[in-house]
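Because the structure is predicted, anything quoted here is derived from the model rather than measured. Chain letters run A, B, ... following the sequence lines, proteins first, then strands; residues in each count from 1.
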There are 2 protein chains.
Amino acid sequence: MTASQSEPAVGSQRSPRAASIVAAARRILEEEGRDALTMRRLGAAVGIRAPSLYKHFPDKSSVEVALIEIGFEEMADVLNSATDLDGSLAGLAAAYRRYALAHPHLYRLVTSGPLPRERLRPGVEDRAAAPILAVTGDPDSARACWAFAHGMVILELDGRFPPGADLDAAWTAGIAAIDRE
Amino acid sequence: MTASQSEPAVGSQRSPRAASIVAAARRILEEEGRDALTMRRLGAAVGIRAPSLYKHFPDKSSVEVALIEIGFEEMADVLNSATDLDGSLAGLAAAYRRYALAHPHLYRLVTSGPLPRERLRPGVEDRAAAPILAVTGDPDSARACWAFAHGMVILELDGRFPPGADLDAAWTAGIAAIDRE
DNA sequence: GTCTATAGTGGGATAGAC
DNA sequence: GTCTATCCCACTATAGAC
């Protein structure tokens with residue numbers, strides 16, 4: 001603990017300027033999607049020119065990595081809270097879905113495509129996964145459970161279910177199956 | 001039936017030139033991924049300049065739509081064959097996974113992001129979904145089942161499971177849960 | 001730490017000649 | 001149906017002045 005002031009754990013260890021850049025990046029991502037997050041757009045959002053951003057971050061992917069870490073941390077918080085309140089698989093699943101639907105573009109950034117694991121702060125990914133493992137018991141069931149939840153969410157976000165589909169019922173059916181374990 | 005010769009159902013209703021363009025597009029997609037599929041690259045693969053492609057397709061997305069239709073049709077074939085041979089959920093799931101892993105980039109194109117349903121030949125999507133519905137019985141379970149399978153596949157393709165994860169075991173755990181229904 | 005200027009790359013698509 | 005020439009766009013990133 002070398003920090004001289006209390007501060008949010010998230011985004012850690014950076015200058016205030018860098019923190020405001022990450023905050024702006026998050027705003028752009030969440031409001032307009034991943035393609036809208038460009039260095040020009042990000043510079044404009046924070047009030048400087050794109051090239052100046054490179055004084056704070058070595059490249060664009062470093063900004064994205066910061067966002068991915070935030071997403072994992074928030075997911076960990078959300079799932080831990082759900083477990084504390086409820087303890088049921090259904091409660092955990094509902095919390096997972098709620099977070100993903102509330103932050104679709106951040107969820108996508110965190111869960112889709114290759115993950116630069118070596119650039120993440122250690123343990124960040126595991127802390128988000130822990131609540132699922134805790135409720136299912138074994139790792140294989142946890143992975144199956146996560147795959148189900150991720151599949152449901154990403155198909156919903158992508159509009160892949162038929163227009164009239166009852167997704168609550170599909171979630172319930174899936175959870176019931178797992179729970180019968 | 002107005003066709004005067006026997007022909008593969010796939011890619012249908014187009015000039016031979018257009019068919020060869022789609023074939024080349026598929027090759028590029030499968031071998032190098034979606035980003036590699038550009039009009040310049042596609043023209044080169046088929047031996048003409050990019051602008052000439054626009055005599056055969058109105059735009060790039062039309063080529064992609066043709067590929068999506070092919071993907072759906074092949075998936076329908078694969079799942080129907082699995083059902084005919086076996087009839088078990090496990091057999092169906094294995095066929096689903098096998099096809100996706102054999103054609104990762106095509107699978108992604110078909111199942112990820114927004115789907116231009118109105119541009120697809122009618123029924124193409126439903127025919128791929130039918131075998132899953134047939135084995136699960138009700139639509140809610142079918143959607144849960146599909147979400148599980150898609151989640152497992154896409155997380156595997158994206159390298160999202162931990163390096164040592166036993167994915168066969170995770171599949172088995174998920175299928176066992178659904179089967180206990 | 002900010003700027004301007006710019007390099008370098010690549011993309012989709014159109015016009016008009018042949 | 002193919003070509004050349006070209007437009008217009010957008011992006012990441014760097015150089016060098018201030």
Exercise for the section: Could you state the atom-to-atom distance from NZ of K60(B) to P of dT14(C) in whole Å? Expected result: 15 Å
Using nucleotides 1-3 of chain D, report all nitrogen or oxygen pairs with the protein that are shorter than 3.5 Å.
residue	atom	partner	partner atom	Å
dT2(D)	OP1	R17(B)	NE	3.1
dT2(D)	OP1	R17(B)	NH2	3.0
dT2(D)	OP2	H56(B)	NE2	2.7
dC3(D)	OP2	R49(B)	N	2.5
dC3(D)	OP2	S52(B)	OG	3.1

Exercise for the section: Check the angle between the aromatic planes of Y107(B) and H150(B) and answer parallel, tilted or perpendicular using the 30° and 60° thresholds. Expected result: tilted
Exercise for the section: May I have the distance from Y54(B) (atom OH) to dG16(C) (atom P), rounded to whole angstrom? Expected result: 18 Å
Handout entry: Residues which pass salt bridge (Lys or Arg N to Asp or Glu O under 4.0 Å) with R17(A), listed by chain and number, not counting sequence neighbours
Key = none
Problem - Interatomic distance where CZ belongs to F57(A) and P belongs to dT14(D) [whole Å] - result: 16 Å
Practice task
Under the side-chain contact (heavy atoms from CB on, under 4.5 Å) rule, collect the residues that match up with A170(B), sequence neighbours excluded.
Solution key: R143(A), M152(B)
Practice task
Please work out which residues in residues 31-45 of chain B have a non-hydrogen atom less than 4.0 Å from an atom of DNA chain D and list them by number.
Solution key: none
Fill in the blank from the handout: The salt bridge (Lys or Arg N to Asp or Glu O under 4.0 Å) partners of R108(A) (sequence neighbours excluded) come to D158(A)
Exercise for the section: Could you list the residues that satisfy ring pair (Phe, Tyr, Trp, His ring centres under 6.0 Å) with F161(A), not counting sequence neighbours? Expected result: W146(B)
Handout entry: Residues which pass side-chain contact (heavy atoms from CB on, under 4.5 Å) with A129(B), listed by chain and number, not counting sequence neighbours
Key = none
Practice task
Just jot down the ring pair (Phe, Tyr, Trp, His ring centres under 6.0 Å) partners of H56(B), sequence neighbours excluded, or say none.
Solution key: none
Completion exercise
Sequence neighbours excluded, the answer for salt bridge (Lys or Arg N to Asp or Glu O under 4.0 Å) partners of R49(A) is none
